[in-house]
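Below you'll find the structure, written out as structure tokens, and then a few comments.
Remember, it's a predicted structure, so these values are computed and weren't measured experimentally. Within every chain, numbering begins at 1; the chains are lettered A, B, ... in the order of the sequence lines, protein sequences first and strands thereafter.
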There are 2 protein chains.
Amino acid sequence: MKEIPASGMLKKERHAYIINQINLHNKVLSSDLSLLLKVSEDTVRRDLNELSEKGKLLKVHGGALSKSFHFPYEQIDIYAQESKREIAKKAISLISEGMIVLTGGGTTMLEMARLIPDNLKATIFTISPLVALELAEREFLTVILVGGQLNKNSQVIMGSKTVRELSEIRVDLCFLGANGIDINEGITDSDWEVVQVKKAMIKSAARTVIMCIGEKLNSAQKMKVCSFNEIDFLITDLKSSNHKVQEYRGQVKVL
Amino acid sequence: MKEIPASGMLKKERHAYIINQINLHNKVLSSDLSLLLKVSEDTVRRDLNELSEKGKLLKVHGGALSKSFHFPYEQIDIYAQESKREIAKKAISLISEGMIVLTGGGTTMLEMARLIPDNLKATIFTISPLVALELAEREFLTVILVGGQLNKNSQVIMGSKTVRELSEIRVDLCFLGANGIDINEGITDSDWEVVQVKKAMIKSAARTVIMCIGEKLNSAQKMKVCSFNEIDFLITDLKSSNHKVQEYRGQVKVL
DNA sequence: GTTTATTTTGCAGGTTTTTGCGTATCTTAA
DNA sequence: TTAAGATACGCAAAAACCTGCAAAATAAAC
């Protein structure tokens, strides 16, 4: 994302420039504008406030947003956000430079996407448009969306087209959320289509990571995705000393 | 950009000179003009105020801006928002029940997605995750995202994978935005990858609709997407009586 | 060509705008 | 809870601005 730095601009010009940036990217950061326009952040803030009063944009902490546009992921409240962030951080530590990764959807995955550092070089396949859009801002990431039908509830891509596409790729690491995890049943889910996609994802990955908040442990759904021998890591927010965690130690590597 | 300093100019001459500068650079600084015209800044200011009152330019603190040239920005948001909505509405009227539709990305397309009624039954293929997410809320729509690499700037999916996937589908109607439209050059764009995807989209569609705000008419970019005989409709926000529109009537059906 | 009237210009002084920097306060993320 | 980052506020310097005025330039009249 390279913008042409501007110099010696009149106030009106700066304002116009800012509006333009907003139209292009739907948001601006005060810090970016300061560099781009070569004025202090104070001046940028004053500009943004003026434009905001004129109703041209929506001033927010750190910058401004387009008034007519809302990022879909900004309005999502995440349940158990702290836990999910914990999980996300552990998950990210598994990704090393140059890896090819595949991710599912869900809020945990979205949280993970948000926490992925700007300087990570990797290729990310995903079935979640939200994850893809979040990652699109990372300069060194190659983001590839798997094609297929968008599921209305889960906002991830699934269906036969997706399964077929997944069968054609090979990745190093696959990150999946889980609806149910049980020591006997393995990984389970309630939706048949979801199960098909997850199976396909696991199949195309050298190693699979299941990410799951502690409360979902020891709960089973109707359909089986896979058993523990098909997955390589289980990441939860629970401490390793937790008794729930201990049960799974024999079956899978728990982080 | 070196200007020829002028000396001993009459007021009228200075005014002409200033207007000329404005036409060339879209802005002038009082300080620059003072040096260039070898008169005091006060005189320059008086000149600018006079020209401003005559409506020849827009006086601002520090100099003046062109009036006729509305920046590629400035108010374009509000103004173009309306335009794009107009276009979007016309476009939607082309979709009938049960159709299979393919859409590109861009703000016009997003506006269109927002305006698609809740009760429309159709299948929508798209290369824009944003459009897909917007449409995911429509109960009777089947939304399918084409797979491929997510472009960071445009936030649409493109690349060879996308082109290949597009070659495997057949749709009734394809909606595309245009970067440049010119009566001789046809539809043009500035990015090679974009051109490849657009070509593939047009190829897989029985009929193609180009959506484009009036301003972009009669502007050409480096790369050619297609000529007018490959597209079926051109939708703009201009009235059908507009002379710009008339020119295209012979080549394509203009809405 | 000279004189007179008119316009234009530059300057001095005071006012306003704009901007950047410190400082204190607030937000956000970990 | 803490620390880093973003923000608001006040201030001061610089730049731009305006007003009035007298000198200079131009135009008009004689």
Side-chain angles (χ1 to χ4, degrees), chain A residues 6-18 27-54 57-65 71 73-93 107-108 110-118 134 137-138 213 235 237 239, chain B residues 6-18 27-54 57-65:
Chain A
S7 65
M9 272 193 172
L10 299 168
K11 196 169 78 154
K12 261 258 161 80
E13 286 185 285
R14 281 202 316 266
H15 286 191
Y17 188 95
I18 291 170
K27 77 168 175 185
V28 287
L29 301 181
S30 306
S31 50
D32 285 354
L33 285 176
S34 173
L35 293 173
L36 236 37
L37 298 170
K38 289 176 181 155
V39 291
S40 72
E41 288 199 30
D42 293 76
T43 302
V44 169
R45 263 189 288 279
R46 275 186 281 248
D47 285 344
L48 293 180
N49 282 330
E50 276 182 54
L51 290 168
S52 171
E53 278 176 30
K54 283 186 197 159
L57 47 74
L58 184 69
K59 178 85 186 67
V60 295
H61 194 95
L65 299 173
F71 279 94
Y73 48 83
E74 276 180 9
Q75 59 194 6
I76 296 174
D77 310 299
I78 296 182
Y79 168 73
Q81 183 152 24
E82 268 313 309
S83 306
K84 288 176 180 173
R85 205 169 283 169
E86 294 262 329
I87 295 171
K89 275 189 272 186
K90 292 182 192 171
I92 289 171
S93 70
T107 47
T108 309
L110 194 53
E111 204 54 43
M112 177 173 157
R114 288 192 188 145
L115 295 177
I116 285 183
D118 280 324
E134 173 64 34
E137 295 174 14
R138 305 292 189 285
I213 57 174
I235 303 183
D237 57 315
K239 296 213 174 78
Chain B
S7 65
M9 271 191 172
L10 263 22
K11 194 166 77 151
K12 269 262 164 81
E13 293 180 273
R14 281 202 316 270
H15 285 195
Y17 188 93
I18 291 170
K27 78 162 174 181
V28 287
L29 301 181
S30 307
S31 51
D32 285 354
L33 285 177
S34 173
L35 294 173
L36 235 36
L37 298 170
K38 288 176 180 156
V39 291
S40 72
E41 289 200 30
D42 293 81
T43 302
V44 170
R45 262 190 290 278
R46 273 186 284 249
D47 285 344
L48 293 180
N49 282 330
E50 277 183 54
L51 289 168
S52 172
E53 278 177 33
K54 282 187 198 159
L57 47 74
L58 184 70
K59 178 81 186 72
V60 296
H61 194 96
L65 299 171

Base, sugar-phosphate alone, or nothing: which one does [X] contact when heavy atoms must sit under 4.0 Å apart?
| X | result |
| --- | --- |
| A:L115 | sugar-phosphate |
| B:V60 | sugar-phosphate |
| B:K59 | sugar-phosphate |
| A:N49 | sugar-phosphate |

Would you compute the distance between atom CZ of A:R14 and atom CG of A:L37 and round it to the nearest 0.5 angstrom?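 If I round to the nearest 0.5 Å, the distance is 7.0 Å.
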Over how many whole Å does the gap from [X] atom [atom1] to [N] atom [atom2] extend?
| X | N | atom1 | atom2 | answer |
| --- | --- | --- | --- | --- |
| B:L10 | C:dT6 | CG | P | 20 Å |
| A:R114 | C:dT28 | CZ | P | 14 Å |
| A:I87 | C:dA30 | CD1 | P | 15 Å |
| B:R45 | D:dA16 | CZ | C1' | 5 Å |
| B:H15 | C:dT9 | NE2 | C1' | 12 Å |
| B:L33 | C:dT9 | CG | P | 14 Å |
| A:L37 | C:dG20 | CG | C1' | 15 Å |
| B:L29 | C:dT18 | CG | P | 15 Å |

Would you tell me if any nitrogen or oxygen in the side chain of [X] comes within less than 4.0 Å of OP1 or OP2 on [N]?
| X | N | value |
| --- | --- | --- |
| A:S30 | D:dT7 | yes |
| A:R14 | C:dT19 | yes |
| A:T43 | C:dG20 | yes |
| A:K11 | C:dT17 | no |
| A:S40 | C:dT19 | no |

With a 4.5 Å heavy-atom cut-off, do A:K89 and A:L115 have their side chains touching?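 Counting from C-beta outward, A:K89 and A:L115 do come under 4.5 Å.
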Are B:V28 and B:L48 packed together at the side-chain level, in the sense that at least one heavy-atom pair is separated by less than 4.5 angstrom?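 They are in contact (side-chain heavy atoms under 4.5 Å apart), so the answer is yes.
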On DNA chain D, compare the nucleotides closest to B:G63 and B:R46; which residue's is nearer the 5' end?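 The residue mapped nearer the 5' terminus is B:G63.
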Out of the candidates B:D47, B:V44, B:T43, only one should pair with B:L33 under the side chain to side chain contact (heavy atoms under 4.5 Å, CB included) rule; please name it.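 Option passing the side chain to side chain contact (heavy atoms under 4.5 Å, CB included) with B:L33: B:V44.
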A:H61 or A:E41: which one's nearest nucleotide on DNA chain C is closer to the 5' end? A:E41
If you find the nucleotide of DNA chain C closest to B:V39 and the one closest to A:K89, which residue's nucleotide is nearer the 5' end?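 It is B:V39, whose closest nucleotide lies nearer the 5' terminus.
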Is there a donor N/O on one and an acceptor N/O on the other, under 3.5 Å, for the side chain of A:D42 and the base of C:dC21?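 Yes, the side chain and the base share a sub-3.5 Å donor-acceptor pair.
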To check you understand the geometry: which heavy-atom pair defines the closest contact between A:S40 and A:S34, and what is its length?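 Smallest heavy-atom distance, with atoms named: C-OG, 3.8 Å.
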Where is the tightest heavy-atom contact between A:A88 and A:E111, given as atom of each residue plus distance?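 Shortest heavy-atom contact: CB-C, 4.1 Å.
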